[in-house]
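One structure below.
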Amino acid sequence: MCGRFTITRPAREVQELFNLTELPEFLQPRYNAAPSQMIPVVGLKPNSEERGCVPMRWGFVPRWNKDEKGGFKPINAMRETVATNGVFRASFKDRRCLIPMDGFFEWQKVGKEKQPYLFRPAALAAFAGVWDAWKAPGSGEPVFTFAVITTTPNSIVEPVHNRMPVILDPACFAAWLDPNTPAAGALELLKPYPADKMTAVPVNRALNNARHDAPDCIEPV
DNA sequence: CCAGACGTTGTT
DNA sequence: GTCTGG
DNA sequence: CCAGACGTTGTT
DNA sequence: GTCTGG
């Protein structure tokens, strides 16, 4: 699964790779992006083919939820069920998104301690995700939330965990975002990231505290 | 037709 | 043990 | 994902 | 929103 990640590259670089019209000023280096936080997400602007990067809350709230707060908010969606399950189905069809990232974390239990590992793709890339907008009945600003899609681990991640987030190569960005890409085609894009392009290293347990977001979170131990 | 459910991970 | 907040 | 909280009554 | 069960 994926419950923490990094996006440390400068906004300028993200703008270029994701082909954004505007500089995503909201995007600051994150060494410990965690669930429930506001995180930069790339999607298509309404009724447009133009891409935007906006803050969304990590933890999926479907639009039909009675309240925004209550209930379980999944941070992940399984590749195997994201297209068919009622929670994600509509978003998978119409509201796919990219979450810019350059590393993610998984934990290994060592006795009582939880040892985090940092896994990094070869270059700046993106998680595949789905988003939705929740609005209070009547009026109010919508709340945007998202979930990261997970799949089976590659051989680098497998010793530490039995799931890993789907990382998309930039070559797949356009097809993933396009709502005209049929479900079968979108599912085709969701492959485990190649192990030979990924590195793994155990890191400082300072990472474990979600309130701590600093470069020492990616410090090898 | 209406009512009710709809999640992931990890651990056991 | 289980839920909430970050 | 992990860390941290988790209660009532009465009094201020 | 959309599917399943009754």
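Any value given below was found using the heavy atoms of this structure, including those in side chains, with hydrogens, waters and symmetry copies removed. So you know, we letter chains A, B, ... as the sequences are listed, proteins then strands, and number each from 1.
Exactly one residue among Tyr193(A), Phe5(A), Phe173(A) makes a ring pair (Phe, Tyr, Trp, His ring centres under 6.0 Å) with Phe127(A). That residue is Phe5(A). Across Val82(A), Val166(A), Leu190(A), a single residue satisfies side chain to side chain contact (heavy atoms under 4.5 Å, CB included) together with Thr151(A), and that is Val166(A).
For Met78(A), counting side-chain heavy atoms from C-beta on, the closest listed nucleotide (dT11(B), dC2(D), dT9(B)) is dT9(B). Of the candidate nucleotides dC2(D), dT9(B), dG6(C), dT9(B) has the atom nearest to the side chain of His161(A). Residue Gln37(A) has its side chain nearest to dG6(C) when only dG6(C), dC1(D), dT11(B) are considered. Among dG6(C), dT8(B), dG10(B), the nucleotide with an atom closest to any side-chain atom of Pro35(A) is dG6(C).
The CG-C1' distance, from Asp213(A) to dC1(D), rounds to 14 Å in whole Å. Arg30(A) places its CZ atom 14 Å from the C1' atom of dC1(D), with the value rounded to the nearest Å. Between the CG atom of Asn65(A) and the P atom of dG4(B) there is a distance of 17 Å, given to the nearest Å. Ile39(A) places its CD1 atom 17 Å from the P atom of dG5(C), with the value rounded to the nearest Å. Straight-line distance from the CD1 atom of Ile218(A) to the C1' atom of dC1(D): 18 Å, rounded to whole Å. Atom pair Asn208(A):CG and dC1(D):C1' shows a separation of 9 Å (rounding to whole Å applied). Regarding Lys114(A), its NZ atom lies at a distance of 11 Å from the P atom of dG10(B), rounded to whole Å. Protein atom CD of Gln108(A) is 14 Å distant from nucleotide atom C1' of dG10(B), rounded to whole Å.
Applying the Watson-Crick and G-U wobble criteria (two distances, each under 3.5 Å), dT8(B) pairs with nothing in any strand. Pair check for dA3(D) finds dT4(C); Watson-Crick or G-U wobble, both atom distances under 3.5 Å.
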All N/O contacts under 3.5 Å from nucleotides 1-3 of chain C to the protein, with atom names and distances to one decimal?
none

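Across dT8(B) and dC6(D), the matching P atoms stand 30 Å from one another, rounded to whole Å. Of the P atoms belonging to dC2(D) and dT12(B), the separation is 14 Å, rounded to the nearest Å. One C1' atom belongs to dT9(B), the other to dC1(D), and the distance between them is 9 Å to the nearest Å. Across the C1' atoms, dG10(B) and dT2(C) are found 14 Å apart, a figure rounded to whole Å.
Cys97(A) contributes atom SG, which lies 8.5 Å from atom CH2 of Trp131(A) (distance to the nearest 0.5 angstrom).
By the 4.0 Å N-to-carboxylate-O rule, Arg30(A) lies close enough to Asp213(A) to be salt-bridged with it. The pair Glu25(A)-Arg12(A) does not count as a salt bridge, with every side-chain nitrogen at least 4.0 angstrom from each carboxylate oxygen.
The aromatic rings of Phe92(A) and Trp176(A) sit perpendicular to each other, their planes meeting at more than 60°, with 30° as the lower class boundary.
Judged by centroid separation below 5.5 Å and plane tilt below 30°, Trp64(A) stacks onto the base of dC6(B).
Regarding contacts with the backbone of dT8(B), a side-chain N or O of Thr81(A) is found under 4.0 angstrom from either OP1 or OP2. Taking side-chain N and O atoms only, Asn162(A) has no distance below 4.0 Å to OP1 or OP2 of dT9(B).
Contacts of Phe88(A) with the nucleic acid, taken as non-hydrogen atoms under 4.0 Å apart, involve only primed sugar atoms and P, OP1 or OP2. Nucleic acid contact for Lys93(A): none, since no nucleic acid atom lies under 4.0 Å from a heavy atom of the residue.
Residues Ser91(A) and Phe60(A) approach most closely at OG-CZ, 3.4 Å, considering heavy atoms.
Residues Thr6(A) and Asp102(A) bring a donor and an acceptor atom of their side chains to less than 3.5 Å of each other.
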